[in-house]
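First up is the structure itself, then whatever we jot down about it.
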Amino acid sequence: MALIVHKYGGTSMGSTVRFRSVAQRVAKWVRAGHQLIVVPSAMSGETNRLLGLAKELQPAWLTPESQRELDAIAATGEQVSVGLLALALQAQGVPAVSYAGWQVAIATDSAYGKARITSIDDTRVRADLAQGKVVIITGFQGVDPQGNVTTLGRGGSDTSAVAVAAALKADECLIYTDVDGVYTTDPRIVPEARRLHTISFEEMLEMASLGSKVLQTRSVEFAGKYRVPLRVLSSFTPWDIALEEEARSGTLITFEEDEKMEQAIVSGIAFNRDEAKITVMGVPDKPGIAYLILGPVADANIDIDVIIQNVSHDGKTDFSFTVHRNDYVRTMDLLTKEVLPATGAAQVMGDPKICKVSIVGIGMRSHVGVASRMFRTLAEEGINIQMISTSEIKTSVVIDEKYMELAVRALHKAFDLEQGSSAS
Ligand code: ADP
Ligand code: ASP
Ligand code: MG
């Protein structure tokens with residue numbers, strides 16, 4: 001008997017028919033003798049619908065008070081899902097009980113909209129499991145020290161599931177979704193993308209943080225920190241396929257670098273349309289200037305990603321960086337009102353229509369010329385690179401948003417990632 005955590009995403013819970021199918025799948029695992037904890041997301045489109053309603057009424061600038069209410073509203077989607085799934089399981093004759101995050105409790109900090117899980121109390125869950133019940137826990141939400149409902153950021157049910165698996169020392173955490181694993185890139189953009197049987201934890205972490213939304217970044221961080229065996233697989237296979245077959249399907253996130261992984265120089269391509277570029281022009285090139293520009297941005301709790309400073313001419317330079325698109329207007333406002341007068345810079349220019357495309361692979365550590373192959377491929381497509389950022393196992397470029405799909409497809413081909421290619 002093993003303790004298994006299943007997570008089901010929004011599209012897997014799109015209708016009562018889908019709830020029944022999920023219940024049948026869970027029941028199959030229970031009947032095979034396993035203990036099950038299930039973490040569902042809200043029904044597909046529900047979180048967007050709830051946030052859309054809130055947006056119609058909320059003030060233009062979010063205050064801490066309005067952020068609290070947004071979390072309380074968004075968290076209700078998952079509460080409906082856990083109740084419906086418990087009913088569907090009970091209808092199958094499987095004892096099941098549902099809990100909201102605060103009932104477990106899943107404790108978080110108070111950062112509304114992007115709260116971090118601090119601890120999970122396993123008492124209630126263990127007692128239910130011992131009584132032979134399937135325990136169903138809301139994804140995406142928790143409770144802060146003051147008893148306020150918090151949410152973990154979009155895609156946060158992945159993190160809830162992995163955190164629950166870590167807290168209860170589960171044998172495996174299975175992330176059921178609408179694709180049958182992690183692919184070399186998003187299969188919706190490149191139909192030739194290839195499913196990876198395994199991907200190293202480090203590569204998965206880079207892919208997720210660079211924009212592959214198949215797993216929320218924090219869920220991968222949790223899996224790494226607590227060594228949670230993690231697998232991504234499809235919830236759209238027939239529920240009655242053999243359990244052994246299902247248990248081996250999809251993509252396993254591994255903690256050891258095997259030989260096959262060593263061979264692939266680039267394992268995947270990630271992209272992110274959520275960023276915006278800002279350039280402060282004509283800044284005096286003197287010590288402390290980066291701090292004068294970026295200090296106020298960081299103080300306003302705005303995350304900065306790629307940064308670039310140009311060579312100076314006549315003692316002046318241009319300084320560019322990217323922020324999340326949601327923070328674009330706020331950052332432009334801050335720079336114009338505070339940073340321009342403080343630095344004596346000439347002007348601030350912004351471009352919210354950019355994207356970041358990244359190649360990821362642990363093989364990049366031991367191979368030279370990978371980045372230049374990326375740049376050559378983009379040059380051959382006539383795509384101008386605006387910014388570059390590298391780390392040991394990834395190279396990212398910032399380009400015009402309109403070339404994103406072209407860039408991803410060309411790079412996917414250039415690095416032999418397609419189905420049936422030599423690397424597969
Ligand atoms: P869920 O609702 O199950 O959480 P998500 O929409 O959050 O599902 O994540 C699954 C989606 O992630 C897929 O439908 C796919 O379009 C996208 N995706 C992006 N990059 C990848 C990738 N490298 N491999 C697989 N899917 C990816
Ligand atoms: N329902 C939440 C969202 O749409 C959490 C999740 O799906 O993981 O972001
Ligand atoms: Mg998701």
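When reading the values below, keep in mind they use all heavy atoms of this one structure, side chains included, and skip hydrogens, waters and symmetry mates. Counting starts at 1 for both ligands and their atoms, in listed order. Numbering of residues begins at 1 and proceeds along the displayed sequence.
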| said: Looking only at distances, can you tell me whether any N or O atom of Met207, backbone or side chain, sits closer than 3.5 Å to an N or O atom of ligand 1? | reply: no
| note | the protein heavy atom lying closest to atom 21 (C) of ligand 1 turns out to be Asp186 CA, 3.7 Å
| said: Is it the case that the side chains of Thr150 and Asp71 hold a donor-acceptor pair, with the cut-off being a distance below 3.5 Å and no angle test? | reply: no
| request: Heavy-atom distances under 4.0 Å are what count here, so tell me which part of Arg188 touches ligand 1: side chain, backbone, both or neither. | output: side chain
| request: May I ask whether Ser41 has any heavy atom positioned less than 4.0 angstrom from an atom of ligand 1? | output: no
| field | ligand 1 contacted by Lys7 (non-hydrogen, < 4.0 Å) | value | yes
| task | Taking only heavy atoms of Ser41 into account, list the atoms of ligand 2 that are under 4.0 Å away from them. | result | 6 (C), 7 (O), 8 (O)
| message | If the contact criterion is a heavy-atom separation under 4.0 Å, does Gly181 count as touching ligand 1? | response | yes
| message | Distance alone, cut at 3.5 Å: any donor-acceptor contact between the side chains of Ser396 and Ser358? | response | yes
| message | For ligand 2 and Asp158, I'd like to know whether there is a polar contact (N/O to N/O, distance under 3.5 Å). | response | no
| Geometric N/O contact Phe140 with ligand 2, under 3.5 angstrom | no
| Do Thr11 and Asp178 have a side chain donor and acceptor closer than 3.5 Å? | yes
| message | Please check whether Arg154 reaches ligand 2 - meaning an N/O of the residue sits under 3.5 Å from an N/O of the ligand, judged on distance alone. | response | yes
| note | Rounded to the nearest 0.5 Å, the NE2 atom of His34 sits from the CG atom of Asp171 at a distance of 9.0 Å
| Measuring from Tyr8:OH to Thr177:OG1, what's the distance to the nearest 0.5 Å? | 11.5 Å
| remark: In this structure, atom 11 (C) of ligand 1 is nearest to the protein heavy atom Asp178 OD1, 3.9 Å
| field | ligand 1 N/O within reach of Asp158 N/O, cut-off under 3.5 Å | value | no
| remark: Within the 4.0 Å heavy-atom cut-off, what Glu78 brings close to ligand 2 is side chain
